[in-house]
Every structure is written in structure tokens, then in C-alpha cells.
Amino acid sequence: MIFMEQERAVLVGLETPATEGQAAETMRELSLLARTAGAQTLAEIVQKRPSPDSAFYVGKGKAEEIALVAAEASADLIIFDDELSPVQARNLEKVTGRRVVDRTALILDIFAGRARTREGKLQVELAQLTYLLPRLTGFGEQLSRLGGGIGTRGPGETKLETDRRAIRKKIGDLKREIAEIRKHRALHRQARMSVPVPVVTLVGYTNAGKSTLMNALTAADTFTGDKLFATLDPTTRKVELPGGRMFLLTDTVGFIRKLPHHLVAAFRATLEEVLAADLLLHVVDTPHPEAARQVVAVNMILRELKADKLPILTVYNKMDLPESVSALPSLSAGGNTGVAVSALRRLGLAELLAAIGEMLRETGRRAVYTIPYGREEALAYISRQGTIESIEYGPEATLVQAVLPAAAAGRLRAMLEEKE
């Protein structure tokens, strides 16, 4: 992503009784988001309040204090760690005299730079327009600011100067296009079922190392970096298990606390790919001081997607770092066991593949299959796709007790019916 000249920002957060003790981490995350978008953090301000102020988010007095800090630091913009209402954004811009960007606009800006496929760009544009529509009147003369800067980039930026009717029409068009994408994805999922290779999907908090693990297991060229949302568009590659069995490994966009609902809605077509998985690999940033809370955030999003009932294998990443060794016992307590790896150093990958193979067998279907004599290709198929537990030779057919992934079992029955 090519940025303009680096912008200078003041970051603002709010700590309420509901978020007590979390402000330091959320502000650290906001700083990393700002850096990812191309901003330099000049100052951080956190206010404690019982609840956000309806007019100024932080209260008018604190807003005036923020204006002084921004002026002294010669800041270009002020970034808030929550989504602001149109009224709050308008009032804050009047008081501070500077461009105000909230967490949602910041994440949308990053996504605008990460999208590479047509699908990704459509979904980002839909999210941007959905976010901007109620704010068109609030910006007033500030619409002229669209010359550039954080919070103004991306596919949706040229739509801001049109009227509300044109924006709504465009949103409708985008929703129809994305609905077509969902139909195509459903067809692709059906096609995958007909060629039953198990699907394993990487999930986890952003910057946990999912793409690095993807590259280590598949020799893919997925972009990686110490930035949030380094990967946006999903990537799928084939991986071979010990014994010759195969599975498809899919990388997905990283999750984050306070993930904007605009994004969850717009990216549902992509996130639904999680539901098609036979197994989820939950990659954890083991040495991160907030790893436990990140795990909770990921689990909450999986519940929102109704994917929390799928088999999950926890992967404790970055075990080459000393902090990981001390953090692992508490993270894996309470039965939350998993596999410890270092994707960057390619350590523990053999153990991970063995665990994946075992879980795919456990999530498969155990059944007895009747294979007529002369159908050796069916026996070979069972051997490739599953685990044969016993074979009994009858007078007219071979009885094979085996464990197969659900998709493979369905395909095997279709194969046998085709020639009956």
C-alpha cells in the first residue's frame, strides 16, 4: 500500500467500568492500527468515565484539552478508539479544528489498502459506504477534505460527494453483487464436497502468525508482516499429511476486538468459508501479554458466525520466544491443550500435522462399506482419504470398516452407486 506523507496523530481512548483494566491494551492496539495505516502517534489520551458522552464521547472539557494537545503537537488528525456517532464526530471536529477518525474508519482504511481480489474490494466498498451514509450530512463542508488522508482512502471515497439516493443505490448494487458471490461460493463448496479433500481453516487474532504458518506448511507466498490485517483475501493451498493423505488449508482475515459490525456484515461471504471447514486451527500469539483476552475475542466472533461447534485445534505460535515458554502453562490450563509451534522457525510442524491428521480422523465418519469385487479403485480411495480399521472378505464383496471425512464418505457412496 502506498501512503501519502506520514500523518501525525493523537490517539484517544475511554475507560468505563465495563472495560476497566483494558485501556492500556486497546490503546496499544489502536497505536498499531494507526501505524499500519501510515500514521505517527504523537500522544495518547485516556479518560475514565461511567459511560461515553453522547455529544462529545469524552465530554466537552476533555475535548477542549485534546484540542490543546493536538495543537501543541501539530497533529494532523485525532483517532478515537471506538466508533463515533455522526453527532460526536461533528462536535469533536468543531472543538478540535482537526480531522477526527474513529476506530471503524481506521480499520476500513486499512482494509481498503489490503483488498486485492474483486470480492475483497466489493466488500470493503460496501462497508465504507454503509459507514459513511449516515455521516454525509455530519461532515458538511468537510466533504472537501477528500484530497486524501487516513479514513478517506479506498473504493468508497469518490462516492461521498454524491447525494444519499445515489449512495443507497450503490449500496443496493453492491449487496446484489456480493449475494452473487455467496451463490458462487456455495457452488464451490458443493464442488469441493464432490472431490472430498478435508478443509482446514486458519483462524485467530490478527498478527498471531496465521499467514506465516500458512507459508511454513504449504510454501505459499502469502504476504506476512508485523502489521494488523497483513492478509485480507483468503488463500487456499493443498497440504500433504504423513501417509499421503491430503487436506486443503485456508487462511482467513484476522479477528480483532471491536471488529466493526459493518465489516462482519460485509465480509460474511468470506467469513462463511469458516463454516465449510472440517477443522479450525486457532492460532494464538502465545507471548502476547493479552493472549488470553485475544483467545476470548476470537471465540466470541466464532460464536457470532455460528462456527463455535466445529472441531478446533489450538496452535500456540511463536514458541521460539522466551516469553512463550512462561505464558504457555496458563494459556493451556483448563483443558485448552494444543500444539506448540514456531511458524517462523518451522519448529513443531511435524507434531502439528500429526495432530491435524488425528483430529480429521476423529471428526470423520466410522462406517462399514460394502465394496463389490472388481472395485479396487474404491478400496484405494478409502485408503487415500481415510483410515481402514478392518477388512472382511465375503462371498461377493469386501466389507471394509473405515473412518472417512464426511465429504469423502458421501463421495464414496456416490462412486459406488454410479456403477450399480
Work out which heavy atom in [X] is nearest to a heavy atom in [Y]; give both atom names and the distance.
{"X": "Ser85", "Y": "Arg135", "result": "CA-NH2, 4.5 Å"}
{"X": "Leu279", "Y": "Pro311", "result": "CD1-O, 3.4 Å"}
{"X": "Ile312", "Y": "Met359", "result": "O-CE, 3.8 Å"}
{"X": "Leu14", "Y": "Thr19", "result": "O-OG1, 4.0 Å"}
{"X": "Val12", "Y": "Leu30", "result": "O-CD2, 4.2 Å"}
{"X": "Pro134", "Y": "Pro86", "result": "O-CG, 3.6 Å"}

Under the 3.5 angstrom rule, does the side chain of [X] hit a backbone N or O of [Y] as a donor-acceptor pair?
{"X": "Ser326", "Y": "Glu323", "value": "yes"}
{"X": "Thr201", "Y": "Leu280", "value": "no"}
{"X": "Glu93", "Y": "Val100", "value": "yes"}
{"X": "Asp109", "Y": "Ala105", "value": "no"}
{"X": "Asp278", "Y": "Val199", "value": "yes"}
{"X": "Asp76", "Y": "Glu7", "value": "no"}
{"X": "Asp53", "Y": "Lys60", "value": "no"}
{"X": "Asn317", "Y": "Val283", "value": "no"}
{"X": "Ser31", "Y": "Met27", "value": "no"}
{"X": "Arg8", "Y": "Ala73", "value": "yes"}

Roughly how far apart are [X] [atom1] and [Y] [atom2], rounded to 0.5 Å?
{"X": "Lys62", "Y": "Lys48", "atom1": "NZ", "atom2": "NZ", "value": "11.5 Å"}
{"X": "Gln47", "Y": "Tyr57", "atom1": "CD", "atom2": "OH", "value": "9.0 Å"}
{"X": "Gln128", "Y": "Ile171", "atom1": "CD", "atom2": "CD1", "value": "11.0 Å"}
{"X": "His282", "Y": "Leu202", "atom1": "NE2", "atom2": "CG", "value": "11.0 Å"}
{"X": "Glu15", "Y": "Thr26", "atom1": "CD", "atom2": "OG1", "value": "8.0 Å"}
{"X": "Leu217", "Y": "Leu349", "atom1": "CG", "atom2": "CG", "value": "5.5 Å"}

Within the structure provided, determine whether [X] and [Y] are in side-chain contact (heavy-atom separation under 4.5 Å).
{"X": "Lys175", "Y": "Leu126", "value": "yes"}
{"X": "Gln22", "Y": "Glu29", "value": "no"}
{"X": "Leu249", "Y": "Asp251", "value": "no"}
{"X": "Ile301", "Y": "Val203", "value": "no"}
{"X": "Val95", "Y": "Ile66", "value": "no"}
{"X": "Leu77", "Y": "Arg98", "value": "no"}
{"X": "Asp308", "Y": "Asn299", "value": "no"}
{"X": "Leu42", "Y": "Gln40", "value": "yes"}

- Query: How far apart are the C-alpha atoms of Ile79 and Leu33, what are their side-chain angles, what is the distance that settles it, and do they pass the side-chain contact (heavy atoms from CB on, under 4.5 Å) test?
  - Reply: CA-CA 10 Å; Ile79 303 176; Leu33 283 167; over 6 Å; no

Electrostatic pair [X]:[Y] at N-O distance under 4.0 angstrom:
{"X": "Asp173", "Y": "Arg176", "result": "yes"}
{"X": "Lys318", "Y": "Asp285", "result": "yes"}
{"X": "Asp81", "Y": "Arg103", "result": "yes"}
{"X": "Glu177", "Y": "Lys121", "result": "no"}
{"X": "Glu290", "Y": "Arg28", "result": "no"}

- Evaluation steps, side-chain contact (heavy atoms from CB on, under 4.5 Å), between Leu353 and Phe247: CA-CA 10 Å; Leu353 288 172; Phe247 69 88; 4.1 Å; yes

- Message: Can you pull out every salt bridge (Lys or Arg N to Asp or Glu O under 4.0 Å) where at least one residue sits in residues 338-352? Sequence neighbours excluded, please.
- Response: Asp320-Arg345

- Task: May I have all residue pairs that pass salt bridge (Lys or Arg N to Asp or Glu O under 4.0 Å) and include part of residues 200-209, sequence neighbours excluded?
- Result: none

- Task: Could you walk me through whether Leu133 and Arg168 pass side-chain contact (heavy atoms from CB on, under 4.5 Å), step by step?
- Result: CA-CA 8 Å; Leu133 180 60; Arg168 289 194 183 98; 3.9 Å; yes

- Task: Just jot down the ring-ring contact (aromatic ring centres under 6.0 Å, His included) partners of Tyr205, sequence neighbours excluded, or say none.
- Result: none

- Message: Apply side-chain contact (heavy atoms from CB on, under 4.5 Å) to residues Ile78 and Leu92 and explain how you reach the verdict.
- Response: CA-CA 9 Å; Ile78 303 168; Leu92 287 166; over 6 Å; no

- Message: Just checking Met300: does its CE atom have more than 12 heavy atoms from other residues, nucleotides or ligands closer to it than 6.0 angstrom?
- Response: no

